[in-house]
Participant: 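Sharing a structure below in structure tokens format, with a few things to ask.
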There are 2 protein chains.
Amino acid sequence: MTHSDLSVVDHLFLDLSSNPIKNATKNRILDCAIEQFSRKGYTGVSIRDITREVGIKESSLYKHFRNKEEILETIFHNFRLDTLRILPPLDRLDEILELLGPVKFLERGLHNFKQHAADPIMQKIWRILYIEQYREPVARDLYLNDILTKTIDCLEAAFVKLIEHQRCKPLHPRTLAVEYQYPIFTMISEYIMLKSDQQDTAHVEQMMSDHLTFFCMAVLV
Amino acid sequence: MTHSDLSVVDHLFLDLSSNPIKNATKNRILDCAIEQFSRKGYTGVSIRDITREVGIKESSLYKHFRNKEEILETIFHNFRLDTLRILPPLDRLDEILELLGPVKFLERGLHNFKQHAADPIMQKIWRILYIEQYREPVARDLYLNDILTKTIDCLEAAFVKLIEHQRCKPLHPRTLAVEYQYPIFTMISEYIMLKSDQQDTAHVEQMMSDHLTFFCMAVLV
DNA sequence: GTCTATAGTAAGATAGAC
DNA sequence: GTCTATCTTACTATAGAC
């Protein structure tokens with residue numbers, strides 16, 4: 001393939017400089033790598049495994065990526081950019097909370113996550129993240145800082161506002177954030193496990209709704 | 001080493017038939033494998049890596065294990081046996097609940113988990129389990145069935161009893177089980193991540209206590 | 001940007017001497 | 001049960017022709 005055949009590409013990825021990757025082969029390499037890494041882990045997949053599925057020789061891959069590690073970096077870079085859409089912008093938190101009220105605010109968060117996680121590519125990268133966070137400092141940093149900490153910090157700020165406006169019981173805001181979000185983290189990992197095996201996730205989505213209801217009943221005034 | 005030198009063994013493991021492994025080298029192989037698998041994952045560690053640390057040649061390892069896979073199986077087998085101590089025997093659940101009352105019952109569960117997880121070997125196997133559950137059906141089954149499902153089922157049964165005895169709000173018992181345990185699953189993964197990096201876990205233990213307090217306040221009558 | 005060919009290393013596992 | 005030696009296969013990566 002000497003020219004880019006975009007018609008066979010499922011997904012357009014961004015490179016490490018956040019520029020769209022126009023080359024079809026490079027996109028296909030990422031697509032195949034994501035699929036295989038998500039099932040067998042980074043070290044369980046060889047360059048040969050990837051190029052075999054893409055339909056090129058090993059040597060051709062090195063025209064697109066300096067080495068195997070750069071493929072993983074690019075995958076995580078794309079994930080990081082996509083997760084930014086889940087949380088509300090912190091500088092507009094006040095206004096959004098006023099507008100929606102606590103219940104719709106939390107519902108909106110779940111909705112945003114589901115929209116992000118509706119993309120099969122993102123589901124697979126979640127899975128890679130879960131596998132690699134114990135081995136790869138970059139994955140760990142992405143999970144701990146970009147996902148866990150940012151989410152809890154955002155919720156804590158929201159609960160501070162809600163308590164100020166007396167729409168929530170005056171408990172410790174960080175405890176409220178943990179009580180709301182920690183069960184959801186477990187549900188997300190269950191959700192990702194099911195999705196990436198093409199199993200039904202209805203009962204997990206129901207659990208998320210039930211939790212939201214339970215939580216609001218317990219802490220909102 | 002032609003005789004077993006038990007003095008240098010940290011831990012006595014059981015074989016796949018649940019018999020204690022008396023051979024020091026075989027115990028050391030398991031110990032080193034656990035250490036390395038927990039840091040680099042199963043596929044990230046070679047037989048060579050393990051035998052180098054044990055101080056034997058590759059060929060010698062095959063006198064103790066049929067292949068690499070059998071090492072992992074033995075590790076998970078030991079873990080499965082150890083986790084049995086965390087949950088109360090289901091046939092004595094009634095009597096234990098009566099004796100302790102709901103708060104002490106839940107506290108006992110946390111205590112049992114911490115006792116199990118105080119063993120550095122078990123901390124590392126938790127980590128292996130988190131890494132391998134997406135790749136290895138045995139690991140997945142162990143995590144989903146022996147840990148998640150059993151815990152939730154046990155708690156559900158406990159909440160049925162508590163509602164019967166009117167010591168708990170009459171909510172859906174499965175929802176109560178999820179509300180109690182799901183945040184703890186997230187805390188456990190945080191706990192294991194910190195422990196295996198020899199970092200302090202006091203704030204996670206505090207979160208667990210705070211959650212127990214919050215939960216009891218929200219649902220006990 | 002694809003290919004063939006190959007370098008150089010490392011993998012899992014076995015044979016057979018002691 | 002340990003060793004040396006070896007087999008076979010697989011790995012990441014590069015050189016150079018087209």
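Side chains are part of it too, since the values below use all heavy atoms of this structure and drop only hydrogens, waters and symmetry mates. Note that this is a predicted model, so its numbers are computed, not measured. All chains are named by letter (A, B, ...) in the order of the sequence lines, taking the proteins before the strands, and each is independently numbered beginning at 1.
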Participant: For DNA chain D, which residues of residues 62-70 of chain A approach it to below 4.0 angstrom with any heavy atom?
Facilitator: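 Per residue number, the list reads Tyr62(A), Asn67(A), Lys68(A).
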Participant: Where along residues 32-51 of chain B does a heavy atom come under 4.0 Å from DNA chain D, residue by residue in number order?
Facilitator: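 None, since no heavy atom is under 4.0 Å.
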Participant: In terms of side-chain heavy atoms of Glu58(B), which of dA13(C), dC3(C), dA15(C) is nearest?
Facilitator: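 Given the options dA13(C), dC3(C), dA15(C), the side chain of Glu58(B) is closest to dA13(C).
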Participant: Could you state the interatomic distance from NE2 (His211(A)) to CE (Met187(A)), rounded to the nearest 0.5 Å?
Facilitator: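 Going from the NE2 atom of His211(A) to the CE atom of Met187(A) covers 6.0 Å.
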Participant: Look at the side-chain N and O atoms of Ser60(B) and state whether any lies under 4.0 Å from the OP1 or OP2 oxygen of dG1(D).
Facilitator: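 Checking dG1(D) against Ser60(B), no side-chain N or O comes under 4.0 Å of OP1 or OP2.
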Participant: Return no unless some side-chain N or O of Ser59(A) is found under 4.0 Å from OP1 or OP2 of dT4(C).
Facilitator: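 Checking dT4(C) against Ser59(A), no side-chain N or O comes under 4.0 Å of OP1 or OP2.
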Participant: How close do Leu61(B) and Ile56(B) get, counting heavy atoms only, and between which atoms?
Facilitator: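 For Leu61(B) and Ile56(B), the tightest heavy-atom pair comes out as N-CD1, 4.0 Å.
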Participant: Can you check ring-ring contact (aromatic ring centres under 6.0 Å, His included) on Tyr191(A) and Phe113(A), steps first, answer last?
Facilitator: CA-CA 11 Å; Tyr191(A) 183 89; Phe113(A) 168 74; 5.8 Å; yes
Participant: Send over the distance from Lys57(A) NZ to dC11(D) P, rounded to a whole Å.
Facilitator: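 The distance from NZ of Lys57(A) to P of dC11(D) comes to 14 Å, rounded to the nearest Å.
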Participant: Taking the six-membered ring for Trp and the full ring for Phe, Tyr or His, determine whether the centres of Phe185(B) and Tyr182(B) are under 6.0 Å apart.
Facilitator: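 Between Tyr182(B) and Phe185(B), which both carry aromatic rings, the centre distance is below 6.0 Å.
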Participant: Nearest whole Å is fine: how far is dG1(C) P from Ile21(A) CD1?
Facilitator: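 Rounded to the whole Å, the gap is 12 Å.
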Participant: To the nearest 0.5 Å, tell me how far Leu212(B) CG sits from Tyr180(B) OH.
Facilitator: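 It is 4.0 Å, given to the nearest 0.5 Å.
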Participant: Look at the aromatic rings of Tyr134(A) and Tyr130(B) and report parallel, tilted or perpendicular, splitting at 30° and 60°.
Facilitator: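 Judged by the thresholds at 30° and 60°, the geometry between Tyr134(A) and Tyr130(B) is parallel.
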Participant: Checking the side chain of Lys40(A) only, and the main-chain atoms of Val45(A) only, is there a donor and an acceptor separated by less than 3.5 Å?
Facilitator: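 No, because the side chain of Lys40(A) does not come within donor-acceptor range (under 3.5 Å) of the backbone of Val45(A).
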Participant: Quick one: which residue pairs count as a ring-ring contact (aromatic ring centres under 6.0 Å, His included) with a foot in residues 20-47 of chain B, not counting sequence neighbours?
Facilitator: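 Non-adjacent pairs meeting ring-ring contact (aromatic ring centres under 6.0 Å, His included): Phe37(B)-Tyr42(B).
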Participant: Starting at CD1 of Ile71(A) and ending at P of dC11(D), how long is that distance when rounded to a whole Å?
Facilitator: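 That distance rounds to 14 Å.
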Participant: Given atom CG of Leu61(B) and atom C1' of dT14(C), what is their separation to the nearest angstrom?
Facilitator: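 Those two atoms, CG and C1', are 13 Å apart.
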Participant: Decide if atom NZ of Lys114(B) counts as having more than 12 heavy atoms of other residues, nucleotides or ligands within a radius under 6.0 Å.
Facilitator: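 More than 12 within 6.0 Å, yes.
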Participant: dG1(C), OP1 or OP2 - any side-chain N/O from Thr25(A) closer than 4.0 Å?
Facilitator: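 No, outside the criterion.
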